[in-house]
Amino acid sequence: MEKLKTFCHRQFIIFGGFNFEEKVDYLKQLNKPQALAVKTVEGPVMIIAGAGSGKTRVLTYRIAYLIEHGVDPFNILALTFTNKAAKEMKERIAKVVGITEARNLYMGTFHSVFSKILRAESDKIGFPNNFTIYDSDDSKNLIKTIIIEMGLDDKHYKPNMVQNRISSSKNSLINAIAYKMNEEIQMDDLEARKPKLGAIYERYTMRCFKASAMDFDDLLLKTFELFQKYPDVLHKYQHRFKFVLVDEFQDTNFAQYSIIKQLSALYQNICVVGDDAQSIYAFRGADITNILNFEKDYSDLKTFKLEQNYRSTKNIVAAANSVIAKNKHQLDKSVWTDNTEGAKIQVIKASTDNEEGNFIAQSIFGYRMNHQLANRDFAILYRTNVQSRALEEALRRLNIPYRIYGGLSFYQRREIKDLLSYFRLCVNHNDEEALKRIINYPTRGIGKSTLDKIIIGAAENDMSVWQVLENIKKLDINLSPAVAKKVDEFRQMIIGFESIVQQKSAFDAASFIASSCGLLKDLYSDKTPEGVNRYENVQELLNGIKEFTENNKDHKEGNGLPRYMEDIALLTDADKDEDDDKDRVTLMTIHASKGLEFPYVFVVGLEENLFPSQLSINSREELEEERRLFYVAITRAMTQLTFSYAQTRFKYGNLIHSDPSRFLHEVDEAYLDFSQAGNQQRIFQGKRMEASGNNLNSYSIPAHSQLKKLSISGKSTSIKGDPVGSFQTGLEVIHTRFGKGKILSIDGNGDNKMATIKFEKDGEKKLLLKFAKLQVVKD
DNA sequence: CCAAAGATTGTCACA
DNA sequence: CAATCTTTGG
């Protein structure tokens, strides 16, 4: 319980250190709106909580307040956005009301809470209680196989697109039947020349059912359907959860909102906490209008606004406000702070992504020295995960320890998924995706054509894939006896594993399976660095299982592998607690940083087409979401904020040029400090000229291959340097594309200086010296 | 059926 | 670039 997360460290010391005697005082620690929000416990309540306004504190104390006023923790449901948030809040509540009380709270993410309910009520919806939860890779694979099976072109029906379509339908509570019956949707699909989407959706649903599997979205959709179809079940949970609290309400989607409404319909003790300015998951179906609907759905709603920011300096708060003011769609609210003025936001300009990394690493090094800071005081936030690489290299060069959150999840790594697939298949034989993954890994002579035959056999006989294996001799699916024998051996191996799983602890079963299926040996024999790494990852997984086994020795539901699998299906690596006491710089995406705070924050890659993302600049809504994301990034910082951008950056192996992000211009200049930004001012001027009709777009050269070639040839100075002045008439030069040529004349000034060059091959060309990247021929 | 070489393609955030 | 899919020769 004492093991605290690095980021909440500070907050915890300030607000969390209550013991039992002190607990009476906690209300005095709250400001007026906070105290009201805590004490108004009956009826529907909405708390609009600005960034850093003590939202978690309010939620924590509200729950503590409920418990102290006689509410049984057993009757409280608190839904959070991440497992980690749930765990942390539980720890904080335990500090106030004691561990025994806190333990009975029902707290978790929507997905984890509803998966538990679905397992408990699985018979109602025709699923076994050991159903598998497909992650998005599993469902994408399945969708892809279905598209191919149906004889459709996967270039036209792109699996990713189909998956998104199905996912957003589910998030809007539209199941396959409703999808096919909805005329509007059918028209849309017809217009998009994708009339088979409904059929794919239907088949996908059927296949998941056959495999006893649910995807993430099913956990919501099926919970809703369960409650809708079985009023008695709903009634049970309504009585059970007399008080419902929802954190990060701005990020709930329609399905989640609908379930909350179902659950709280009887007592109406529903409290939602959120900030419309921090809604950053619309892409995943989150719907800001839930906040507006909430007012409509509950006429006696009481709304509280938390507007005092306790986290950041005046400068940071003001900068954030100046940015978010650009958004049209938002609730009326003004965040302010009593904190000190603080330093201005530093703006760093770098010529390349690598240089950006170096600047930031140096900057961290400098701050740390001058202000006696720890590594954990720093966070580097970026828009996309790929950006972490240059930063990592730079930090490593300066020996600054760091920790990356996100990226490829531990549980998504190939070797981990392989081993987990064995476990999954033991727990649920019908798990088609798990079976496909391991039936021939490690190789045992069951190739693609055999697998295809089995899958077709399953479809033709209306069976699960496993059932085909069970009846391999009876069914005539055209397998040679030798191959059929191999398949049967595989089946028997899994059955053998299953009996171990039933008898032994999770760790004993897991390590037995890992070694006897041949996976460990296969990885061990691979001595490449990646192979060694994979082996270590598997060991790490096994260590995790060992820990689980130890921790659950006395658990009433045992410490076997099936329970472990339920536990981890919905974990992300943000939930893995490891090395938290190590002092490291944090690297993460802005999305992952939501809810966290750091004294020193770097927001990097502030470039057009990166942040805001290229895919978001076409619609006002998407751009506003990007802006909210920027707002989230700014408001993570407590004392010092730094922005940075690079003029060139590698993307898919090509060097591309970038303009500074429009968001940089949206921050009121009064809060920015350009002294580190080189000729930043000139760039702003350039932008203005461009806007006023001068069409010479000097800051967006397309991704010329010349740039790349030149930088390889070692003349990187010419990218950021200023070679424009050194050319004169008569000089022999080499151009990377046009080859050798002679300068005939030069005209124009400064950045617009243009040379007329006669090339040996291509004749006369007029080139802007700034971009031509000419090399002088030396005799 | 398999491994290795070659071609293709994604192209943003996450439970 | 890197992950994934397809082709090819054994």
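Proteins come first, then strands; the chains are lettered A, B, ... in the order of their sequence lines, and each starts at number 1. Keep in mind that this is a model prediction, so the values were computed, not measured.
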Partners of [X] by ring-ring contact (aromatic ring centres under 6.0 Å, His included), sequence neighbours excluded?
X	result
Y524(A)	Y535(A)
F490(A)	none
Y204(A)	none

Self-check item: Residues forming a salt bridge (charged side-chain N to carboxylate O under 4.0 Å, His left out) with K140(A), sequence neighbours excluded
Solution: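 So K140(A) forms no salt bridge (charged side-chain N to carboxylate O under 4.0 Å, His left out) with any residue.
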Quiz prompt | Comparing K158(A) and E625(A) on DNA chain B - which has the more 5′ nearest nucleotide | solution =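 In this pair, the answer is K158(A).
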Quiz item: Want to settle it: does D217(A) or T450(A) sit nearer the 5' end of DNA chain B, counting the closest nucleotide to each?
Solution: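 Nearest-nucleotide comparison on DNA chain B picks T450(A).
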Applying side-chain hydrogen bond (donor to acceptor under 3.5 Å, both in side chains), can you list everything that pairs with [X], at least two apart in sequence or on another chain?
X	value
R119(A)	none
N609(A)	none
S480(A)	none

Self-check item: F110(A) ring over dA15(B) six-membered base ring, under 5.5 Å and 30°
Solution: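 No; centroid distance or tilt outside limits.
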Please produce a list of atom pairs where a protein N or O lies less than 3.5 Å from an N or O of nucleotides 5-9 of chain C.
from, atom 1, to, atom 2, distance (Å)
dC5(C), OP1, K144(A), NZ, 3.4

Quiz item: Can a side chain N or O of N83(A) be found less than 4.0 Å away from OP1 or OP2 on dA15(B)?
Solution: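 The answer is no; no side-chain N or O of N83(A) sits under 4.0 Å from OP1 or OP2.
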Exercise. Taking S661(A) for its side chain and F611(A) for its backbone only, find out whether a donor-acceptor pair lies under 3.5 Å.
Key: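 Present.
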Every protein N/O lying under 3.5 Å from an N/O of nucleotides 2-9 of chain B:
from, atom 1, to, atom 2, distance (Å)
dC2(B), OP1, G445(A), N, 3.1
dC2(B), OP2, N440(A), ND2, 3.1

